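Only one structure is covered here, and it is reproduced in the block below.
Note that the structure is predicted; figures quoted are calculated from it, not measured. The figures here come from the full heavy-atom set of this structure, side chains too, leaving out hydrogens, waters and symmetry mates.
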Amino acid sequence: MDNISRWSCTNEPGVSKYALVIPRGGGDNLTAYSIEQYDDHETFNKHLAAPIVADSLFAWSQGIPDIWSKPPSVQNFTVIANSPYFIKPEFGKVADPYIVVESLTYRQGGIRHVIEHWGEEIEAAHNETGTLALGIYTDPSDKNKLWTLGAYESEDYFKNVHNTSPMAKELEEHTAGMRTSRTQILLQKKGGFLYKGADGCA
């Protein structure tokens with residue numbers, strides 16, 4: 001995957017994320033995730049059709065017999081229009097950013113209200129020196145679900161600074177009563193990039 005990500009960083013301006021991550025702590029030693037973000041479907045299709053992508057993925061799958069314990073699944077996220085999502089250049093300077101993905105399901109009709117509060121949380125988090133990235137996404141398969149993607153300089157910063165901030169507490173106060181489920185996935189980046197800027201990819 002590293003050769004594809006290096007090529008994508010240089011040659012695919014419409015690909016803003018292309019990273020391989022694993023569960024923090026190793027998980028079951030069988031699971032890996034690919035986090036990818038494309039400007040649109042056309043960019044995604046062109047990416048798949050690029051010779052380096054097709055050739056590399058074929059060689060990879062052929063070189064490791066029976067690689068899949070079960071067929072891979074795909075979860076699509078949709079970027080929310082005018083969302084204040086951010087990822088800072090400092091992301092590339094942290095050796096092991098603490099990456100957190102959350103799945104949040106809310107009561108019927110609550111998403112619009114929740115998104116407003118999440119927008120305020122993200123704007124406030126941008127001023128937190130150790131919060132490197134934060135954004136929310138809708139789920140095309142479930143209109144009552146949001147996904148979040150965040151990155152922090154450390155586990156300690158995430159738990160004891162970001163999560164205890166006044167805005168985080170306010171978000172929880174205003175949205176917890178509408179939430180019906182919450183799943184948190186803690187991840188570690190092993191290759192590729194989540195940040196792309198004029199100074200390169202990380």
Which residues satisfy the ring-ring contact (aromatic ring centres under 6.0 Å, His included) test with [X], sequence neighbours excluded?
X: H162; value: Y152
X: Y98; value: F158
X: W147; value: F77

Query raised in the report: Using the ring of each side chain (for Trp, its six-membered ring), is F44 parallel, tilted or perpendicular to Y38, with breaks at 30° and 60°?
Result: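 Because their plane-to-plane angle is over 60°, the rings of F44 and Y38 count as perpendicular.
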Does a side-chain heavy-atom distance below 4.5 Å link [X] with [Y]?
X: V161; Y: E128; value: no
X: K93; Y: E153; value: no
X: L171; Y: E120; value: no
X: N144; Y: Q108; value: yes

**Report entry** Over all atoms of both residues, closest heavy-atom pair of V79 and Y137
**Finding:**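 Shortest heavy-atom separation between V79 and Y137 comes out as CG2-CE2, 3.7 Å.
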Query - Smallest separation among heavy atoms of T164 and K159, with atom names - result: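 Shortest heavy-atom contact: CG2-O, 3.6 Å.
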Query raised in the report: Out of curiosity, L134 CG to E121 CD, how far, rounded to the nearest 0.5 Å?
Result: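 L134 atom CG to E121 atom CD measures 6.0 Å (nearest 0.5 Å).
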Requested in this report: State the CD1-CD1 distance between I80 and I111, to the nearest 0.5 angstrom.
Outcome: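 One gets 8.0 Å once the value is rounded to the nearest 0.5 Å.
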Query raised in the report: Can you list the residues that meet the salt bridge (charged side-chain N to carboxylate O under 4.0 Å, His left out) rule with E116, with sequence neighbours excluded?
Result: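 Not a single residue meets the salt bridge (charged side-chain N to carboxylate O under 4.0 Å, His left out) criterion with E116.
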Requested in this report: Apply side-chain hydrogen bond (donor to acceptor under 3.5 Å, both in side chains) to T105 and list each qualifying residue two or more places apart in sequence or on a separate chain.
Outcome: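 side-chain hydrogen bond (donor to acceptor under 3.5 Å, both in side chains) check on T105 returns S181.
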Query - Test log, rule ring-ring contact (aromatic ring centres under 6.0 Å, His included), inputs Y18 and H47 - result: CA-CA 11 Å; Y18 193 81; H47 171 81; 5.0 Å; yes
Query raised in the report: Can E172 and R182 be said to form a salt bridge (Lys or Arg N to Asp or Glu O under 4.0 Å), step by step?
Result: CA-CA 12 Å; E172 185 68 8; R182 181 179 195 172; 3.6 Å; yes
Query raised in the report: With Y33, which of I185, I99, I22, L20 fulfils side-chain contact (heavy atoms from CB on, under 4.5 Å)?
Result: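 Looking at I185, I99, I22, L20, the match for Y33 under the side-chain contact (heavy atoms from CB on, under 4.5 Å) is I185.
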Query raised in the report: Pairs in or reaching into residues 169-202: which pass ring pair (Phe, Tyr, Trp, His ring centres under 6.0 Å), with residues at least two apart or in two chains?
Result: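 Qualifying pairs: H117-H174.
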